[in-house]
Protein chains: 2
Amino acid sequence: MINSRLAVAIHIMILIASNPLEHMSSEFIAKSVNTNPVVIRRITSMLKKAGLLTSHAGRTGAKLTKNPEDITLLDIFKAVEPKDELFAIHENPNPNCPVGKNIQSALDSTFTRVQKAMEDELSSQSLKDVMGHFLQ
Amino acid sequence: MINSRLAVAIHIMILIASNPLEHMSSEFIAKSVNTNPVVIRRITSMLKKAGLLTSHAGRTGAKLTKNPEDITLLDIFKAVEPKDELFAIHENPNPNCPVGKNIQSALDSTFTRVQKAMEDELSSQSLKDVMGHFLQ
DNA sequence: TTATATGTAACTATTATAGTTACAAATATA
DNA sequence: TATATTTGTAACTATAATAGTTACATATAA
């Protein structure tokens with residue numbers, strides 16, 4: 001199972017997007033998410049490095065750099081997931097075995113297709129789409 | 001990143017499928033994968049429980065229960081991945097916050113679609129398809 | 001009867017994750 | 001200006017998953 005950073009990051013982004021006038025502190029967000037404020041600041045920092053929001057030391061709150069309809073879940077996922085590959089492939093299979101020799105490249109093309117299917121679906125959903133679930 | 005069990009399981013299945021007459025011991029397979037025989041027996045045990053192969057204590061080797069073209073990567077993935085959900089969702093968000101109250105169900109429908117996209121692609125590729133990469 | 005293989009429990013090492021404390025630096029407020 | 005608050009980040013901890021390993025009972029083959 002993939003970690004909960006994507007879930008928490010989406011939660012953070014929705015809180016900021018839903019309250020454009022209020023300044024949401026990491027402590028306030030942490031209470032909504034039910035975690036420690038540092039966990040929020042850590043994920044917010046990743047979102048900031050990815051260019052999805054702006055924030056400043058000492059100044060309460062953060063702002064999205066784009067409208068929710070222009071932010072995809074893939075943008076958020078890539079911001080909080082440093083690893084490029086979805087599936088791990090075992091290292092150093094035996095090059096003297098016909099299967100061991102070719103398995104990595106075979107798995108690579110196979111897994112690339114699966115990862116692309118996942119990323120295509122993530123990029124088809126915007127932050128606004130997720131917020132739409134709240135309007136029943 | 002998702003663990004390497006799917007990669008190793010596919011490697012095991014291909015070795016068995018490619019050598020239907022030879023009896024591949026866990027030690028032989030382990031040398032091809034470059035790991036410990038117990039790791040192979042552990043994953044083989046999961047594949048057996050999922051009904052994808054048969055094996056017997058004391059008897060060298062294992063046999064696939066279906067033809068490679070009738071085994072999908074989703075079959076193998078589900079065999080070696082006990083968790084049902086692809087993405088984790090944080091627990092106990094604040095029910096007194098409008099966002100915290102609804103985030104889990106919103107994420108659930110969102111993540112379900114992403115997981116389905118991944119599983120659809122996994123089920124579209126058979127073990128035989130992966131073996132096809134070996135014939136250049 | 002002896003050797004070999006599977007199946008599985010149990011233990012270890014490594015790593016990722018998430019929570020926590022602490023604090024410097026920046027900003028806001030009185 | 002002085003004080004309080006907040007962000008950003010380092011550092012530490014606890015927990016869990018993963019993969020590797022040893023050990024051994026049981027089943028099968030030679």
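In what follows, every chain begins at residue 1, and chains take the letters A, B, ... in the order their sequences are listed. These numbers come from the heavy atoms of this one structure, side chains and all, not from hydrogens, waters or symmetry mates.
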Exercise for review: Grab the NZ-P distance between K83(A) and dT15(C) for me, whole Å please.
Suggested key: 11 Å
Check your understanding: Would a 4.5 Å heavy-atom cut-off, applied to side chains only, mark V99(A) and H11(B) as touching?
Key -> yes
**Study point:** With sequence neighbours excluded, residues passing side-chain hydrogen bond (donor to acceptor under 3.5 Å, both in side chains) with D120(A)
**Key:** K116(A)
Study note, to complete from the structure: Between the CD atom in E85(B) and the CG atom in D108(B), the distance rounded to the nearest 0.5 Å is 6.5 Å
Review point. Just how far, in rounded Å, is P of dT6(C) from CD1 of I16(B)?
Key: 10 Å
Exercise for review: Could you point out which residue of T44(B), V80(B), T35(B), I43(B) forms a side-chain contact (heavy atoms from CB on, under 4.5 Å) with V8(B)?
Suggested key: I43(B)
Exercise for review: Rounded to the nearest angstrom, tell me the gap between atom NZ in K49(B) and atom C1' in dT6(C).
Suggested key: 13 Å
Tabulated below should be each protein N or O lying under 3.5 Å from an N or O of nucleotides 24-30 of chain C; please produce it.
unit_1: dA28(C); atom_1: OP1; unit_2: R59(A); atom_2: NE; d: 3.4

Point to revise | Contact under 4.0 Å: S26(A) side-chain N or O vs dT7(D) OP1/OP2 | key: yes
Review point. Rounded to whole angstroms, how far apart are CZ on F28(B) and C1' on dT6(C)?
Key: 18 Å
Practice item. Rounded to the nearest angstrom, tell me the gap between atom CG in L53(A) and atom C1' in dT7(D). Key: 13 Å
Practice item. Could you state the atom-to-atom distance from CD1 of I12(A) to P of dA18(C) in whole Å? Key: 12 Å
Review point. Reckon S45(A) has a side-chain N or O less than 4.0 Å from the OP1 or OP2 of dT9(D)?
Key: yes
Check your understanding: If each of M24(B) and P82(A) is mapped to the nucleotide of DNA chain C with the nearest heavy atom, which maps nearer the 5' terminus, i.e. the 5' end?
Key -> M24(B)
Practice item. Could you tell me the separation between the CE atom of M13(A) and the CG atom of L6(A), rounded to the nearest 0.5 Å? Key: 10.5 Å
Check your understanding: Using a cut-off of less than 4.0 Å, is there contact between a side-chain N or O of K48(B) and OP1 or OP2 of dG7(C)?
Key -> yes
Exercise for review: Please report, rounded to the nearest Å, how far the P atom of dT6(C) is from the CD atom of E27(B).
Suggested key: 9 Å
**Study point:** Heavy-atom side-chain proximity of I2(B) to F77(B) below 4.5 angstrom
**Key:** yes
Between the protein and nucleotides 19-23 of chain D, list the N/O to N/O atom pairs that are separated by less than 3.5 angstrom.
unit_1: dA19(D); atom_1: OP1; unit_2: S4(B); atom_2: N; d: 2.8
unit_1: dA19(D); atom_1: OP1; unit_2: S4(B); atom_2: OG; d: 2.4
unit_1: dG20(D); atom_1: OP2; unit_2: T35(B); atom_2: OG1; d: 2.5
unit_1: dG20(D); atom_1: N7; unit_2: R42(B); atom_2: NH2; d: 2.8
unit_1: dG20(D); atom_1: O6; unit_2: R42(B); atom_2: NH1; d: 3.3
unit_1: dT21(D); atom_1: OP2; unit_2: N36(B); atom_2: ND2; d: 3.4
unit_1: dT21(D); atom_1: O4; unit_2: R42(B); atom_2: NH1; d: 3.2

Exercise for review: Would you give the length of the straight line joining atom CE of M1(B) to atom CZ of F87(A), rounded to the nearest 0.5 angstrom?
Suggested key: 11.5 Å
Check your understanding: To the nearest Å, how far apart are I29(B) CD1 and dT6(C) C1'?
Key -> 12 Å
Review point. When rounded to the nearest 0.5 angstrom, what is the spacing between OG in S126(B) and CG in N67(B)?
Key: 10.5 Å
Exercise for review: Examine distances only and state if a side-chain atom of S105(A) and a backbone atom of N102(A) form a donor-acceptor pair shorter than 3.5 Å.
Suggested key: yes
